[in-house]
There are 2 protein chains.
Amino acid sequence: MAYHHGDLHTELLTAAVDVARERGIEGLSLRECARRLGVSHAAPYRHFEDKNALLLALAEQGFTWLTSAGQRAMEGLDDPRARLDAYGVAYVRFAVEHPIHFRLMFTRELETPGPKRADDAAPDKASAAPNDAFGLLVGAASAAFERDGEEALLASVAAWSIPHGLAMLILDGRIPPEHVATTEAVEQLARDVLSLWRNAQPA
Amino acid sequence: MAYHHGDLHTELLTAAVDVARERGIEGLSLRECARRLGVSHAAPYRHFEDKNALLLALAEQGFTWLTSAGQRAMEGLDDPRARLDAYGVAYVRFAVEHPIHFRLMFTRELETPGPKRADDAAPDKASAAPNDAFGLLVGAASAAFERDGEEALLASVAAWSIPHGLAMLILDGRIPPEHVATTEAVEQLARDVLSLWRNAQPA
DNA sequence: GCCCGCGTGTTGTCATTGTCAACATACTTC
DNA sequence: GAAGTATGTTGACAATGACAACACGCGGGC
């Protein structure tokens with residue numbers, strides 16, 4: 001399994017993130033990744049079908065990490081509302097700590113690989129990770145809002161929109177710098193925003 | 001002023017949107033735009049310094065349109081809360097109706113042109129449009145939340161996050177299709193999400 | 001012990017693209 | 001009518017994504 005580079009597959013993933021951090025996602029190129037790892041320009045194609053596949057793999061990784069972060073944040077909390085808030089804060093924090101992943105998870109026109117044959121046994125392994133993260137949220141939101149069925153979905157969308165929007169705005173530099181200077185500041189901002197909505201208007 | 005193509009400058013903008021709609025933003029190329037307009041591959045460079053400048057122009061156009069849409073939506077409304085909600089619904093609607101513009105306005109690593117000389121007289125004309133749209137929101141949010149100064153900013157961020165997050169999620173196909181099938185459905189969804197938060201939790 | 005096959009990596013190549021320089025042309029202004 | 005400038009064109013170059021053909025080295029079957 002290990003050959004020239006130990007594990008070129010995972011090294012490509014981390015190299016891609018490095019390159020994207022320096023040059024932006026648009027400026028990411030497979031050839032540059034290969035160059036940094038000291039392999040030839042075509043080597044990546046032995047591990048990823050094409051550039052899009054590598055980006056998709058990063059997005060998948062991001063969803064997995066996000067799910068873990070969410071679970072960790074809610075660990076030990078019982079109050080549904082507190083759990084939902086904790087998830088929200090963790091969500092924003094994740095976005096700030098892994099901006100490249102987060103952008104790839106969402107911002108991208110998701111180009112599903114396009115199933116060559118529908119009769120394949122593998123049941124959509126590719127899109128499992130996002131569903132995990134979303135499922136976690138739906139559960140937390142349903143409990144917090146005490147809704148079921150269609151209304152639970154609506155509540156989930158609402159509960160998702162706030163941290164998602166905040167995260168996006170932060171990543172796009174739309175929030176004044178002093179509020180996003182440190183991880184602590186970001187968490188505080190997320191908490192403030194969430195609580196502002198909670199107490200928004202009794203009527 | 002009008003020459004070969006009437007007004008190649010604006011035609012390039014609309015052509016770019018067309019191409020982006022078909023091939024995705026990543027797949028947009030200046031050469032393809034030129035091809036469609038029947039001009040040579042270098043013609044666009046007489047109207048935009050480079051590809052990034054064209055994208056920036058589209059983003060600018062988007063902010064202008066968004067500001068208009070927001071103003072139109074709030075027109076005739078007096079209740080601050082109603083005004084803020086109207087802005088939110090218009091915001092989401094704008095994103096759905098102009099997805100390419102919206103993505104370019106936000107999703108993009110904003111590459112400011114990088115001022116060659118700071119002593120130039122023009123005071124940042126490029127970034128005026130986003131500030132208009134944001135200013136409109138800050139006003140509406142401050143009024144609705146009855147906050148001032150630093151707290152008003154926080155309220156604005158909160159008020160911005162919801163429609164922004166919802167819009168992003170819709171654009172990324174994360175919302176079940178039946179909720180985004182028509183413009184009416186989208187507006188209803190936006191209204192529901194906003195009102196859900198308003199009545200979230202009295203305590 | 002030897003051979004074959006396959007996973008992995010390399011070299012070479014092609015079309016597309018962003019960008020620039022040099023050149024050409026039409027409209028404007030005096 | 002001439003000069004100047006805005007607009008377009010042609011031709012080039014380097015970088016990139018992607019593919020094909022080839023090379024190497026390790027495993028299993030005889």
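In the text below, chain A, chain B and the rest are named by the order of the sequence lines, each starting its count at 1.
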Nucleotide [N], atom [atom2] - distance to [atom1] of [X] in whole Å:
X: A:Leu54; N: D:dT16; atom1: CG; atom2: P; value: 15 Å
X: A:His47; N: D:dA18; atom1: NE2; atom2: P; value: 16 Å
X: A:Asp7; N: C:dG9; atom1: CG; atom2: C1'; value: 15 Å
X: A:His9; N: C:dT8; atom1: NE2; atom2: P; value: 11 Å
X: A:Phe48; N: C:dT8; atom1: CZ; atom2: C1'; value: 14 Å
X: B:Leu8; N: C:dA26; atom1: CG; atom2: C1'; value: 15 Å

For the residue pair B:Ala129 and B:Phe63, what are the closest heavy atoms and their distance? CB-CB, 3.6 Å

Between A:Ala181 and A:Ala185, which heavy-atom pair has the shortest distance, and what is it?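 In terms of heavy atoms, the two residues are closest at N-CB, 4.2 Å.
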
Taking side chain to side chain contact (heavy atoms under 4.5 Å, CB included) as the criterion, tell me which of A:Leu13, A:Val39, A:Val19 meets it with A:Cys33.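 With A:Cys33 as partner, A:Leu13, A:Val39, A:Val19 yield a single side chain to side chain contact (heavy atoms under 4.5 Å, CB included), made by A:Val19.
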
Nucleotide-resolved protein contact map, nucleotides 13-22 of chain C, B/S/- at heavy-atom distance under 4.0 Å: B---BBBB-B

Test: B:Arg36 and B:Glu22 ion pair at under 4.0 Å: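 Yes.
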
Between A:Glu75 and A:Arg72, is there a salt bridge with N-O shorter than 4.0 Å?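 Here A:Arg72 does not pair with A:Glu75 in a salt bridge, since their nearest N and O are not under 4.0 Å apart.
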
Evaluate the ring planes of B:Tyr91 and B:Phe102, with Trp represented by its six-membered ring, and classify them as parallel (under 30°), tilted (30 to 60°) or perpendicular (over 60°).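 Plane angle over 60°, so perpendicular.
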
